[in-house]
Amino acid sequence: MSSGRIEPDEYRVKPGTKVDLNRWSTSATDGFDGDKQQGAALLPSLNEQLADLQAMLYAESKHKMLIILQGMDTSGKDGTIKHVFRTINPVGVKVKDFKRPNDIELAHDYLWRVHEHAPRNGRIVIFNRSHYEDVLVVRVNDLVPKNVWERRFEHIRGFEKMLVDEGTTIVKLFLHISKDEQRARLQERLDNPAKHWKFEHGDIAERAHWDAYTDAYEQAIAETSTKSAPWYVIPSDRKWYRNLVISQLLIDKLESLNMTYPEPAIGIENIVIDG
Ligand code: AMP
Ligand code: MG
């Protein structure tokens with residue numbers, strides 16, 4: 001019998017631990033015994049809870065949340081945004097994609113293009129890729145020397161600590177898929193005309209670097225999973241389970257802020273609106 005319980009904290013990387021991604025499940029469906037129907041049926045109620053909390057975050061305008069989405073190609077970053085945030089009022093949420101830096105961005109330090117997109121009070125910002133690419137793709141493709149990317153872990157810890165100290169809740173999600181699952185998803189992009197637009201030749205080249213990316217992710221996650229800005233390794237081979245875990249995690253994080261709606265303006269009960 002499946003229990004239907006989701007424990008997002010199981011997927012948190014404790015600070016100071018070594019990360020071996022082979023030991024982290026890509027296909028877990030804890031609490032559901034692989035029962036997709038039962039699991040998927042739960043998503044709408046989580047979507048509603050998340051929407052209610054986001055509405056309060058916006059109204060109270062005291063806290064801010066930054067969600068960082070990382071993962072191998074096809075790991076489901078776009079799909080997560082689509083399904084987890086489908087009931088959220090777009091007024092209070094922004095998605096920021098980070099693509100290859102342009103010349104102006106490259107002429108600055110690597111955090112320059114990132115900081116201005118950090119959320120303001122009352123808002124949620126989702127980074128679809130992030131400053132972590134500057135220790136991932138940049139490392140795997142030798143875009144900067146080792147001594148340059150290596151010292152970035154310290155910068156990133158400091159940058160994120162500053163954001164947290166200034167009132168940001170940071171949630172870092174590594175969407176963990178198996179290499180087999182990536183093959184199936186890339187094949188689907190080739191076979192399904194509706195998905196052709198997603199296919200890039202570069203994806204095949206990057207897949208060839210799977211092991212190097214795994215090493216880079218393991219180090220990046222281990223170096224930057226801190227108490228205040230932890231990483232979560234989300235099992236993501238089953239999209240429905242990924243959506244549930246992330247939804248529940250965000251609900252837990254927002255609930256822990258103990259938000260309330262602001263007090264009504266004084267004298268509101270005596271106000272009459274003229275005809
Ligand atoms: P996609 O997420 O499929 O739209 O692709 C975005 C591409 O931009 C990926 O191949 C990333 O690796 C790349 N990218 C993002 N940030 C950086 C960066 N800082 N340096 C180099 N490439 C990057
Ligand atoms: Mg892509």
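All of these numbers come straight from a predicted model, not from anything done at the bench. Both counts, for ligands and for their atoms, begin at 1 and track the order of listing. Count residues from 1 along the sequence.
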Can you list, pair by pair, the side-chain donor-acceptor contacts under 3.5 Å of residues 249-264, counting residues two or more places apart and other chains?
from : atom 1 : to   : atom 2 : distance (Å)
D252 : OD1    : Q248 : NE2    : 2.9
K253 : NZ     : Y232 : OH     : 3.0
S256 : OG     : K253 : O      : 2.8

(request) State yes or no: do M72 and L21 share one hydrophobic cluster built from I, L, V, M, F, W and Y residues joined by side-chain heavy-atom distances below 4.5 Å, directly or via other members? (result) yes

(request) Applying side-chain contact (heavy atoms from CB on, under 4.5 Å), name anything that partners T168, two or more places apart in sequence or on another chain. (result)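 Expected list: K64, L66, P119, L163, I170.
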
(message) Listing request: all salt bridge (Lys or Arg N to Asp or Glu O under 4.0 Å) pairs with a residue in residues 99-121, at least two apart in sequence or in separate chains.
(response)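 Salt bridge (Lys or Arg N to Asp or Glu O under 4.0 Å) check on residues 99-121 returns E105-R113.
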
(request) Taking the six-membered ring for Trp and the single ring otherwise, decide whether the centroids of F159 and H131 are under 6.0 Å apart. (result) yes

For ligand 1, what N or O to protein N or O distances fall under 3.5 Å?
from     : atom 1 : to   : atom 2 : distance (Å)
ligand 1 : 2 (O)  : R129 : NE     : 2.5
ligand 1 : 2 (O)  : R129 : NH2    : 3.2
ligand 1 : 4 (O)  : K99  : NZ     : 2.3
ligand 1 : 8 (O)  : R100 : N      : 3.2
ligand 1 : 12 (O) : E133 : OE1    : 3.4
ligand 1 : 16 (N) : K99  : O      : 3.4
ligand 1 : 16 (N) : R113 : NH2    : 3.2
ligand 1 : 19 (N) : R113 : NH2    : 3.3
ligand 1 : 19 (N) : D134 : OD1    : 3.1

(message) Taking the basic N atoms (NZ, or NE/NH1/NH2) and the acidic carboxylate oxygens, is any pair closer than 4.0 Å for R189 and D203?
(response)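 Salt bridge between R189 and D203, a charged N being under 4.0 Å from a carboxylate O: yes.
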
